[in-house]
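For reference, the structure is listed below as structure tokens.
Quick note on labels: first sequence line is chain A, next is B, and so on, each numbered from 1.
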Amino acid sequence: MEFKLGGNRIEIEPQREGSVFIHEGMILHMGPELWLEIDGRKHKANAIKIDDVWWVHVLGHTLQFEVVEPGINGDDDDSGLTSPMPGKILDVLVTVGQKVSSGDTLMIMEAMKMEHKIIASHDGVVEKIHYNVGEQVNQGVELLSLSE
Amino acid sequence: MEFKLGGNRIEIEPQREGSVFIHEGMILHMGPELWLEIDGRKHKANAIKIDDVWWVHVLGHTLQFEVVEPGINGDDDDSGLTSPMPGKILDVLVTVGQKVSSGDTLMIMEAMKMEHKIIASHDGVVEKIHYNVGEQVNQGVELLSLSE
Amino acid sequence: MLKRILVANRGEIACRILRACKEAEIESVAIFAANDAGTLFTELADIAIQLEGYGLAETYLNQQQILEIAVEQGCDSIHPGFGFLSERADFAQAVIDSGLIWIGPSPEAIAKMGDKITARIVMKEAGVPVIPGEEVDGGIEQIIAAAPSVGYPLLLKATAGGGGKGMRVVYDEADLETEAKAAMREAFNAFGDDRIYVEKLLTGSRHIEIQILADKSGRTIHLGERECSVQRRHQKVFEESPSVALDSELREAMGEAACAAARAVNYEGAGTVEFLVTPIGEFFFLEMNTRIQVEHPVTEMVTGVDLVREQLRIASGEPMSCGQLSMRGHAIEVRLYAEDPANNFLPAIGKLKRFVSPTGPGIRLDTGVRQGDEVTPDYDPMLAKLIVWAPSRKESLQRMARALDEFVILGCTTNVRFLRELCDHPDVVDGWTTTDMIERLWPEGWNPDMELSISSAGLLIASACESSNYGRIIQHSSGEVGKISPFSTINRRLP
Amino acid sequence: MLKRILVANRGEIACRILRACKEAEIESVAIFAANDAGTLFTELADIAIQLEGYGLAETYLNQQQILEIAVEQGCDSIHPGFGFLSERADFAQAVIDSGLIWIGPSPEAIAKMGDKITARIVMKEAGVPVIPGEEVDGGIEQIIAAAPSVGYPLLLKATAGGGGKGMRVVYDEADLETEAKAAMREAFNAFGDDRIYVEKLLTGSRHIEIQILADKSGRTIHLGERECSVQRRHQKVFEESPSVALDSELREAMGEAACAAARAVNYEGAGTVEFLVTPIGEFFFLEMNTRIQVEHPVTEMVTGVDLVREQLRIASGEPMSCGQLSMRGHAIEVRLYAEDPANNFLPAIGKLKRFVSPTGPGIRLDTGVRQGDEVTPDYDPMLAKLIVWAPSRKESLQRMARALDEFVILGCTTNVRFLRELCDHPDVVDGWTTTDMIERLWPEGWNPDMELSISSAGLLIASACESSNYGRIIQHSSGEVGKISPFSTINRRLP
């Protein structure tokens, strides 16, 4: 089974015996509740799946694991200049064809009453600007295209 | 539609328009949450069905309504001498054939670390004793039969 | 400094103690019976060990097994909570004999106070006033012989007892034998000891108790009073501090008497001295509870002292951390029971499908359960305690009313509404709380003060939900997949 | 006595005020935008009225519409909470002109303190020390002209502002123009006023504020300090009282200065005077917040004063109810934000599929959300405030750590873990909290201090759940029946 955690792909195949799962010396007991056993100590865990992501709370930490569907091997580029959340474009600081360097501010958008900068993740040339000042954007949409 | 509330049967057919229900001047708005409107004021309500009983929390009160299946007209006698909860019979104070009066203590059972008396709901003669001292009983089982 | 504590209890008080351990950075070991697996307190422990056996005697009252676990798990101490083994001198002694620290007073102090007759005698000697009564040594004949000199109404109490178990009021000589037998049976089941003694029933009295703390350096202080007069079936349901019945003079006199009681048995740790206070302001020693008390939070909120953490400090030999006390405002605790107050407070069972507790300023919830938990008949029906604090008694009652209105519990009958109605009952508002209050106000039993529109509203909701298939949740989890067919639900839709 | 209050706010602070109304037995009217329908605060009001329109300007900032609703609903007063219209003198005046009571200080006091430049001048006159800076009147040229005399690093602040909006640190002249423009834009969007002024950035300082109360009888008192130094993006995240940096002498000096500041504008109600305190113990007036503050609960827990209820008393013309204060123990508040602290605190959205808050002694939760609620990008990402009280600062930090460990939130990224790590960070434990602390400790941004075993454990859990179909809930409610087929779930089971 494959997951993504913070952009990294991880494979895992825990040993399973009925409702008990084992991995790296840790034991997970699965009943109506989840109990994780490490060094003989049991800890309650919480997990819930939302869309393709497992949200896991364990030992005071909250982690998100995206399920990678078997067979799919798309090299989806996480460095895309996408909108981190729904909001409004306040300013576009570049034009199509402009050369930009990693770290340059390309756009400014407003969401949750705060301004957020959209910053170039690598050097390149602006190929397309998908939204203009004043437009509302949804979460996850691509705001600009940047050549490699 | 018919319900039982505290032994009484009540019939109700609220007016319905889509997700709005009306009864005796009260309006219920049904969305992901329940909002009851009385005299223009909205109050949040909570409801959940467990087995055949609707548990309703409204205006600080908690009520239970048992659904009466249409067609069923059984005059089930709620004055039956049934076990109010799982427990153990501690004492049987009557014998078969004994005449008892309403209010007489017939049995003593223990549950939740307390003693509870099973009391005659009407005058009658003990017809059958279903459990003896020391036996475990489940909730809702008939403990004794009493003639009318 | 303690390093690893075994908490020999369950439910709400186990949660309270386990959280105190966590905060004090002391490791904790919980023990649980099979039917408590997965409940809240097992979650809060660093280590949770399942007890073998069934029933109380084989599990939470099984001294041998508990001691073995404590030793195996490398514990250095045991906290007994309340109930269960908390007032068993033999267990305290066995803990000490195993080389562990007993978080509580000495076995001698427990024994003296636990035997209610010895306690009466010790208190008399220490100059603490006791209730008129007869220190009979159990046995039905002795009780019958002692009764006439005490007079009716009288109270039968378990010599080994507490918590209302084995306690019976007798108004008439005709009922004496039946009630005495019932009391003896209950006492035997609860404490393994069927001795009963006889006291005068002081009607119209208040139950007021004084919290004390005593450390190994010899300091003994009192932390003011709690009034716990509102009781049903001799179990407290509504507790507050301070009491409207005490002025500073009476408070100091009772506080002094409580400290004298503690010193008379070389008391160490947290303890409570219970008194009955008559309408004219006399007070009588009832008993001393040699453990933390269910209602300790009201004292914590008024004094700002963390009593459980002080227990841990004192047990480890440190002096208590509280200096000069600064009492402030008013606190009220209500006990949330799984019971039907409209049916003589009969315990109830069920699954807590909804359990939404109030939040906001001045609210504290000490709970042993959370949404989804099952209330079983195996244990005491107390689910949780809701405690509020506010600057004044009036504001405290208003806050409690607000909090109880917000509390939603579906799936198990509870006393929430009963508690809510107490908050604005004139006798409670005016402070006319006495131990016979509930019988006095509702001699025919309590029923909710419910306008017709409420039941009508409930009916509308139930019928609308039923006809529209509202809120039916079908959970597909590993264990349950396929058990419930969605089609059966659809079939039951009404036109 | 007030009879019916309109609460012109939403979320957590609306809940706080509505509960205070309930407790004070005053009727309450909530107003809500369409996208807030069904949220917690609308539940807690006696009457909830939906606002027409979309966006802040048409709803929560729509003075005309709010006033019309207040009059239509027969309200006698308006409580503005914090943010939104709370510091709008014109709104306060309009409320008064409509014949209603404004629960807050006079429009004149708001105007004087709200215009940061006027406030600086009034404070200088009242003998309250202010931060070195230039009271420029806005406009990019004036800012550029004033900067050199103030020197770098400097702070651009919105003249009409507060809450970190329109505030920018400039370390280098090269960035001045860009940052000033951004600040002006943000200020305009937040306050409808783009004026900016310039102050020296006092690095290594602490943000310490004094709570005051003033009633119509002329009594003005201070309720001690709150230290709010731990900030990210100039917004407070961790607040406590008392501050380790103040001794009783400095506390009294600052308290006196705060009361002088309040008296200088004939202040009425609850207010906060903010100061920067330098490492050598100088203090400078920052600004006065003429409203209830987000972090007011820490003062409530230390002083035992219910500040919101006192606001209601004072507005109705009664004297404040608190007499001689008795400060006790230590309180800490953390602000729970829907944000990703590992990604420069970027706000986050999502549905709160699990929201299980801690309970037990010394815990207070002031929340605007509960399990099942959606966090949208429409409003401020603050979800709730978790406040703890304990007898000492150390115990308070231990309690907060315990509480945050218990807090389970799934479905929306929050700063819970960041807050948890603050609790035992040596600088926090030792009290070395300064306003630049987060940048100082994590110059490259914060990342959770997570052992490999944690992510490994998470991975095990995710894979086990995925392969065993655990915890998939399909809800069949009226609106959703049939939307999700159980078969699609079964199909996705892995072998």
Side-chain angles (χ1 to χ4, degrees), chain C residues 15-16 19-20 22-25 43-44 297 300-301 304-306 308-309 321-322 326-329 356-367 370-371 384 387 389-392 395 398-399 401-403 405-406 465 468-478 481-482 485-486 489-490, chain D residues 15-16 19-20 22-25 43-44 297 300-301 304-306 308-309 321-322 326-329 356-367 370-371 384 387 389-392 395 398-399 401-403 405-406 465 468-478 481-482 486 489-490 493:
Chain C
C15 294
R16 171 70 185 91
R19 284 177 166 134
K22 186 92 186 270
E23 291 176 5
E25 296 170 13
E43 245 181 61
L44 298 176
E300 294 188 326
M301 293 184 88
V305 173
D306 184 333
V308 175
R309 189 131 182 204
S321 78
C322 46
S326 121
M327 313 253 188
R328 210 171 62 187
V356 184
S357 55
T359 60
I363 303 282
R364 167 174 169 184
L365 182 74
D366 278 25
T367 179
R370 65 283 207 249
Q371 187 162 297
I387 309 107
W389 181 93
S392 66
E395 289 162 298
Q398 290 173 322
R399 180 161 285 171
R402 183 273 284 177
D405 273 336
E406 285 184 26
C465 290
S468 66
N469 215 27
Y470 174 87
R472 289 167 208 260
I473 292 167
I474 296 170
Q475 179 151 354
H476 289 263
S477 74
S478 56
V481 172
S485 155
T489 308
I490 291 163
Chain D
C15 294
R16 171 72 184 91
R19 284 178 166 133
K22 186 92 186 273
E23 291 176 6
E25 296 169 14
E43 244 179 63
L44 298 176
E300 294 188 325
M301 293 185 87
V305 174
D306 184 333
V308 175
R309 189 130 184 205
S321 78
C322 46
S326 122
M327 313 254 188
R328 209 171 65 186
V356 184
S357 53
T359 59
I363 304 282
R364 167 174 169 182
L365 182 74
D366 277 25
T367 180
R370 64 293 203 237
Q371 187 162 298
I387 309 107
W389 181 94
S392 66
E395 288 162 297
Q398 291 172 322
R399 180 161 284 172
R402 183 272 284 178
D405 274 336
E406 286 184 26
C465 289
S468 65
N469 215 27
Y470 174 87
R472 291 168 206 256
I473 292 167
I474 297 170
Q475 180 151 353
H476 290 262
S477 72
S478 56
V481 172
T489 307
I490 291 163
R493 271 200 199 184

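In this structure, the portions of C:Leu365 lying under 4.5 Å from any heavy atom of chain D include both its backbone and its side chain. Heavy-atom distances place both the backbone and the side chain of D:Pro361 under 4.5 Å from chain C. With a 4.5 Å cut-off on non-hydrogen atoms, C:Ile387 does not touch chain D at all.
Of all the heavy atoms in C:Pro391 and D:Gly304, the pair that sits closest is CG-O, 3.4 Å.
By number of non-hydrogen pairs under 4.5 angstrom with chain D, the leading residue of C:Ala403, C:Ala24, C:Ser326, C:Cys15 is C:Ser326. Counting heavy-atom pairs closer than 4.5 Å to chain C, the top-ranked of the candidates D:Glu406, D:Gln398, D:Arg328 is D:Arg328. Among the candidates C:Glu43, C:Glu300, C:Glu25, the residue making the largest number of heavy-atom pairs closer than 4.5 Å to chain D is C:Glu25. Counting heavy-atom pairs closer than 4.5 Å to chain C, the top residue among D:Lys22, D:Arg19, D:Arg399 is D:Arg19.
Side-chain contact check for C:Arg370 versus D:Thr359: every heavy-atom pair is 4.5 Å or farther apart.
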